[in-house]
Every structure is written in C-alpha cells, then in structure tokens.
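First up is the structure itself, then whatever we jot down about it.
What you see below is based on every heavy atom in this structure, not just the backbone, and it leaves out hydrogens, waters and symmetry mates. These numbers were taken from a predicted model, which means no experiment stands behind them.
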Amino acid sequence: MVVCNVAVTTILSIQSSVAYGHVGNSAATFPLMRVGVEVWPVLTVHFSNHTGYGAWRGPLLSATDIADVVRGIDERGVLGRVDAVLSGYQGAEEVGAEVLRTVELVRRRNPRAVYCCDPVIGDVGRGIYVRPGIPEFMRDRVVPSAQIVTPNHFELDYLTGRTTSTVAEVLEAAEALRATGPDVVLVTSTVLDSVDPDEILMLVDTAEGAWQVTTPRLERTFTGSGDLTAALFLAHYLEGDGAGQAMGRTADVVYSLLKATTEAGSAELLLVQAQDQLVHPDHHFAVERLR
C-alpha cells in the first residue's frame, strides 16, 4: 500500500447537515472531496431533511457543542493545516458568534487562513426566511469579518440597503459590500431587468477586477445549490485561480450538475449519480470581464 504524502487544501466547514438530501455540509462535503479538497465538517444541526419540506426531525446543536468539536480538533494540534473556514446558514446569533470565534482561533493557528461566508438570509420571491436578529448580525458582524462572501441577489441588496436591477447597479452594490470588509464578493444569482428571463447571471467583484458569467435558467431551483456554489468557488479560488476563473469553473460545474438533476426529475441534488460533472462538466460558459 502506497500512501501519498502530498499536501492538499483543507477546509473547515461549519454548516448544517441532513440525513436525506443535500444542503449545508451535506451539499458541500462530498463535492469538495471529489475535487480533491480535505474537508473537516462541523455540524450546526443534524436534521432528517431540509426545512423546505415543511416538517423535519433532529437536533439543533448549541454553540457549546460546536465549540467542543472545534476544541477537540485543536487539541489534536492540526488547526494550523486549515486553509479556510467556510460557513453557511447560522440558526442563531450565538452560533454565529461561535463561528467568528472559530475563525479567530484558526487564524491564530494559521495567519494565512481565509474565511468564506455564505450569508444565508433569504431569497427573491421568499424574502427573509431566517430567525429575527440573524440578518442584522450577518450584516454587522459576520460579513465584515470575512475575506470572501457569496450572497445571492436578494442578500446583496439587503446587506447593502439597495435595490438593484441592472448589472451596473449590482456591481456598485458588490463594491459597496467589499468596502465593509470582504476582499471578494461573489453574487451567486441575479434577477435583472436587462437580462433575458431565460438566463441567470453570476458576478464576482474584487479590487483587481470584476467578471460575470451567464448561464441558461433552469425550470427548477434546488435547495442546497447555493451551498454547493459557495463551496466550489472557495475550492477553486484556494487552488490559485483568479476570482473570474474560479467563478467560471464553478458556474460550469453547478449548471451541469443542476441540469443533470433536472433531467432526472429528482427533487434533490444528484451529487453521487452525477458526480463526474463535478470534475468534468458537460457545459462551459464564457467569462466576461466587466472592469
């Protein structure tokens, strides 16, 4: 038996988990591993299924539970290996505060580690769907602490106090969000007056430039696709891809996997059945530089 001792990217992912389906860590862990990233999942909840079904069972872990798991990892003396912390849905302010404490600890162990936050707040058509207090906490405490944030269109508008309907306005809002702290803002999906209703736009903004990629809009949306998008963008960005290239690779994979899921008529992401799309996507899209 040959053991390859090659260093790999390591992500500490603090998110929810479900037994059935793919959201949170259940949407991020396998895809990250499939593209060659070591993942240390820390769970914030462990539900039977995602809450979009209207009924679910399982425990909501406390901030103390999360701290205990992270403390145990630290006691192994390995937190210095972590290249990035990834977080998604934060069910309570105390959980969000514990995530920030974990980020601080990881940065002490590895000053080069980055924090990528998917600021889960709500969505177009649904509005805010997290508990009261979470949106403000995300805006005022979490986002300014992150190097990378991955809001959808609704979340971008909420976080910046704007209403955007054109590419130029989205870009201005992304720049405004960067001014609060993050280095990279990936807007994972947009609904714009100027874009064909059969298309969807992804945009990334950094100090070095901004880029967009346009893909066809699928007839269905899937819970967990945002979690998948944030995880894959972080992985490609950590590989050394520029933000535009990382976004383009992410868009190729996410669209290809969602299209395969749609064609199969599945209600849940087909991460296992369509796993080859994670590394060899069928569809590729041009990335356009905006500035």
Q) Is R57 atom CZ crowded by more than 12 heavy atoms from other residues, nucleotides or ligands, each under 6.0 Å away? A) no
Q.
Can you confirm whether R81 is buried at CZ, in the sense that more than 12 heavy atoms of other residues, nucleotides or ligands lie under 6.0 Å from that atom?
A.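 Counting neighbours around CZ of R81, 12 or fewer heavy atoms of other residues, nucleotides or ligands fall under 6.0 Å, so no.
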Taking 4.0 angstrom as the limit, do [X] and [Y] come out as a salt bridge?
| X | Y | answer |
| --- | --- | --- |
| R101 | E98 | yes |
| R139 | E155 | no |
| R34 | D276 | yes |
| R112 | D83 | no |

Side-chain donor-acceptor distances from residues 218-232 under 3.5 Å, at least two apart:
| from | atom 1 | to | atom 2 | distance (Å) |
| --- | --- | --- | --- | --- |
| R220 | NH1 | S266 | O | 3.0 |
| S225 | OG | F222 | O | 2.9 |
| D227 | OD2 | G24 | N | 2.8 |
| T229 | OG1 | S225 | O | 2.8 |

Q) With under 30° as parallel and over 60° as perpendicular, where do the rings of F285 and Y255 fit, or are they tilted in between? A) perpendicular
Q. Among S17, S16, S13, which residue meets the side chain to side chain donor-acceptor pair (under 3.5 Å) test with N25?
A.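 Among S17, S16, S13, the one that satisfies the side chain to side chain donor-acceptor pair (under 3.5 Å) with N25 is S13.
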Q) For H153, which of T188, D123, T164 qualifies under side chain to side chain donor-acceptor pair (under 3.5 Å)? A) T164
Q: Step by step, work out the ring-ring contact (aromatic ring centres under 6.0 Å, His included) result for F233 and H236.
A: CA-CA 5 Å; F233 176 79; H236 294 316; 8.5 Å; no
**Q.** Y53-H50 aromatic ring centre distance below 6.0 Å
**A.** yes
